[in-house]
Amino acid sequence: MLLSRNHKRVSEFSEMIAKLNHSVLFSPVGYDKPITRQNPSFILFKVRSLSTSTLTNDAKVTVTELVKSPNFTPRFSRIAKNEAQNVLFDYLHCTRSFSFTDAEHISKNSPRFLQTLISKIDTDKHVAHSLTKFLRYNPINEFEPFFESLGLRPSELSVLLPRHLMYLSDDHVMLDNFHVLCGYGIPRSKIGKMYKEAKEIFGYDYGILALKLQAYENLGLSKSTVIELISCCPSLLIGGVNCEFVKVLERLKELRFENDWIGGCLSGKSTYNWNRMLDTVDFLDKVGYTQEQMHHLFNTNPAILFEGSGKKVYILFGRLLKLGLKLNEIYSLFIQNPNILSVKCIKNLLRAMDFLLEIEMETEYIASIISNHIQLLGSRTLKGPRSVCKELKVGRDGLCQVIKEDPLKLFNLVSKSKIKSNEQESSQVPSKHQEKTAFLSRLGYMENSDEMMKALKQFRGRGDQLQERFDCLVQAGLDYNIVTNIVKQAPTVLNQSKDVIERKIDYLRNYLGYPLESVVSFPAYLGYDIERISQRFSMYVWLWERGATKPTLSLSTILACSDTRFVKYFVDVHPEGPAMWEKIKNHSPSS
């Protein structure tokens, strides 16, 4: 009978190959792009290759294109998605032998891949059963969900997917370097950007990448700063230690900045030109800034260096000088209004200058308006002169005269209601709001930026309360910059009282036996309630004592998984596990 079945499968396989050679039509709903060897992304292999996952010109496989049309996004129930997520986890962890952490992260962070996977089965039937059966005979291209889980968009994958590989284990060099980055503490969600911008670092031989990371620590940078630096600027790991970066670091030391100051000023949304930063510092030095003045300027508003790497500074500085402002006057404007050097404010200021020049206002009047109203000019985007003249039914000369007589009318022409509300808001800002803004500024948030507005909503409490909770983490033994990164990744950490934070740190060290540094790679630990932590680790310790689990699993592996998955992998793995789990839950002290 077994021989008969094998013979039948061989026949079906032969027929399939014949159809493939004759004609290939693989167009799911809403997508009619043909499959080519130049466009191998998002493919599911209908036939499992028993010898290797490498695709060659002679490979006789049937593929199904999974990318949907941008205008077609199938919707599936939350239950179906959760079941599909669990099935993908089981497939990766149990069938493909991925580590628990890797399988969990991929299954939880590849929603688009899961969506296309679900579209391949009949959702009217039991999703978990149907999908498990589907994956049994249709191995997936593992690079797709892997890259998506690292923060890459599906549209970016086609140029990044290896052409002839489908199993991650086939590119063990890339996988080894990926695990080096994870082990170092770089968030997985940022590694996709690193792969896209500096793919070369994923091809290093064993041990080289770790040495390159260590080389930046040898410059006097803390590990947390290196993590932030490399996440934002992965190209620094290509070749030797970047000379321009080292020079920037040396110049900042001359200006009395600590090495790790730079870590709090970086953003993953920006790109950095270290050479231009050096030029910016040299430029300010040549025009007469003392080291004390530059220290104060950069410390008050790091945007002058780190937003655009200083490029806009040259433009604004030059334009202000052309208007006739003196060096000390420009310096005073920058010190008194540090936020004007943000990219948005500089753009608005330059536009305002163009507006006034276009209506042929004399430079001395423009200089006076800029000096007296630079804050408002930087915070508002002006309309074009033509549209303003049309609305007021006046010529440019008339508009120029109106603004000369009363410069505030310039802002009223933009939006009278907005200016009023802004004036009222500025006069009624409570001190606690100012304290909170000041605290967030010390964390590296730029004043009046979108990030600051978002942070004001995420962090709850007065400024002094937030500072007290922040100091609590520093006093526990964590580096200042590390704590800054932790609270930026997990703002809810500071939404707890100081007593609760201290209790969780004590629990981590003295009960769980984990080092305090464990929260660096998993800040979310501080956000879980004590009851959940206690229950899960009690169960984990019980299993470990009976040899039913691995020792020293990471905090995230034990705490971050869902209740269902925890029961499956930390309770049901032992015959007495369910009974013990119930006992732990019934007797666990509530936090």
Side-chain angles (χ1 to χ4, degrees), residues 5-6 8-31 33-37 39-56 58-68 74 76 80-98 102-103 106-108 110-149 154 157-158 161-171:
R5 287 180 181 173
N6 288 339
K8 183 178 179 181
R9 286 184 180 177
V10 170
S11 299
E12 292 174 350
F13 181 64
S14 300
E15 292 176 7
M16 189 161 48
I17 291 175
K19 291 178 181 178
L20 177 65
N21 291 333
H22 176 68
S23 174
V24 179
L25 277 175
F26 309 113
S27 27
V29 179
Y31 186 82
K33 189 175 181 179
I35 300 296
T36 68
R37 291 187 55 77
N39 179 35
S41 61
F42 297 97
I43 55 177
L44 281 180
F45 288 80
K46 290 291 186 181
V47 181
R48 186 189 298 269
S49 172
L50 299 178
S51 58
T52 179
S53 68
T54 303
L55 300 181
T56 67
D58 299 322
K60 305 298 184 181
V61 294
T62 302
V63 296
T64 303
E65 177 67 66
L66 285 181
V67 174
K68 302 294 182 182
F76 302 105
K81 291 176 182 177
N82 288 340
E83 287 186 9
Q85 190 179 93
N86 290 331
V87 170
L88 180 59
F89 171 83
D90 287 339
Y91 172 80
L92 295 174
H93 183 53
C94 302
T95 304
R96 296 289 303 127
S97 300
F98 280 46
D102 286 349
I106 292 172
S107 61
K108 281 187 173 182
S110 53
R112 183 63 183 269
F113 181 81
L114 278 176
Q115 197 171 57
T116 54
L117 202 57
I118 298 172
S119 69
K120 298 299 156 187
I121 62 171
D122 184 358
T123 53
D124 293 333
K125 297 181 180 179
H126 193 272
V127 172
H129 175 76
S130 300
L131 198 53
T132 300
K133 184 178 179 181
F134 181 83
L135 291 175
R136 190 177 300 140
Y137 300 104
N138 300 273
I140 61 173
N141 185 335
E142 295 167 2
F143 288 89
E144 297 169 23
F146 173 70
F147 283 144
E148 186 181 355
S149 74
L157 299 189
S158 59
L161 287 172
R163 291 197 174 193
H164 309 306
L165 301 177
M166 61 180 285
Y167 296 131
L168 281 176
S169 57
D170 287 336
D171 194 349

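All of these numbers come straight from a predicted model, not from anything done at the bench.
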Spatial distance of atom [atom1] ([X]) from atom [atom2] ([Y]) [nearest 0.5 Å]:
X    : Y    : atom1 : atom2 : answer
S158 : E144 : OG    : CD    : 11.0 Å
Y91  : T132 : OH    : OG1   : 11.5 Å
K108 : N82  : NZ    : CG    : 10.5 Å
L157 : N141 : CG    : CG    : 9.5 Å

**OP:** Kindly say whether F113 contributes a backbone atom to a donor-acceptor pair with the side chain of T116 at under 3.5 angstrom?
**Re:**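 Present.
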Original post:
Stepwise, does the side chain to side chain contact (heavy atoms under 4.5 Å, CB included) test hold for D102 with L92?
Top reply: CA-CA 9 Å; D102 286 349; L92 295 174; over 6 Å; no
Is there a side-chain contact between [X] and [Y], using heavy atoms and a 4.5 Å cut-off?
X    : Y    : value
L131 : E83  : no
L117 : P145 : no
V87  : F134 : no
L135 : T95  : no
E148 : P111 : yes

If you look at every heavy atom in [X] and [Y], which pair is closest and at what distance?
X    : Y    : answer
F98  : A103 : CB-CB, 4.0 Å
A84  : V127 : N-CG1, 4.5 Å
I140 : Y167 : O-CE2, 4.4 Å

**OP:** Test Q85 against L114 for side chain to side chain contact (heavy atoms under 4.5 Å, CB included), laying out the working first.
**Re:** CA-CA 7 Å; Q85 190 179 93; L114 278 176; 4.0 Å; yes
Subject >> Residues R96 and E142 bridged, charged N to O under 4.0 Å >> reply: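 Between E142 and R96 there is a salt bridge, with a charged N closer than 4.0 Å to a carboxylate O.
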**OP:** Anything under 30° is parallel, anything over 60° is perpendicular, the rest tilted; go ahead and classify F143 against F147.
**Re:**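 Ring orientation of F143 relative to F147: tilted.
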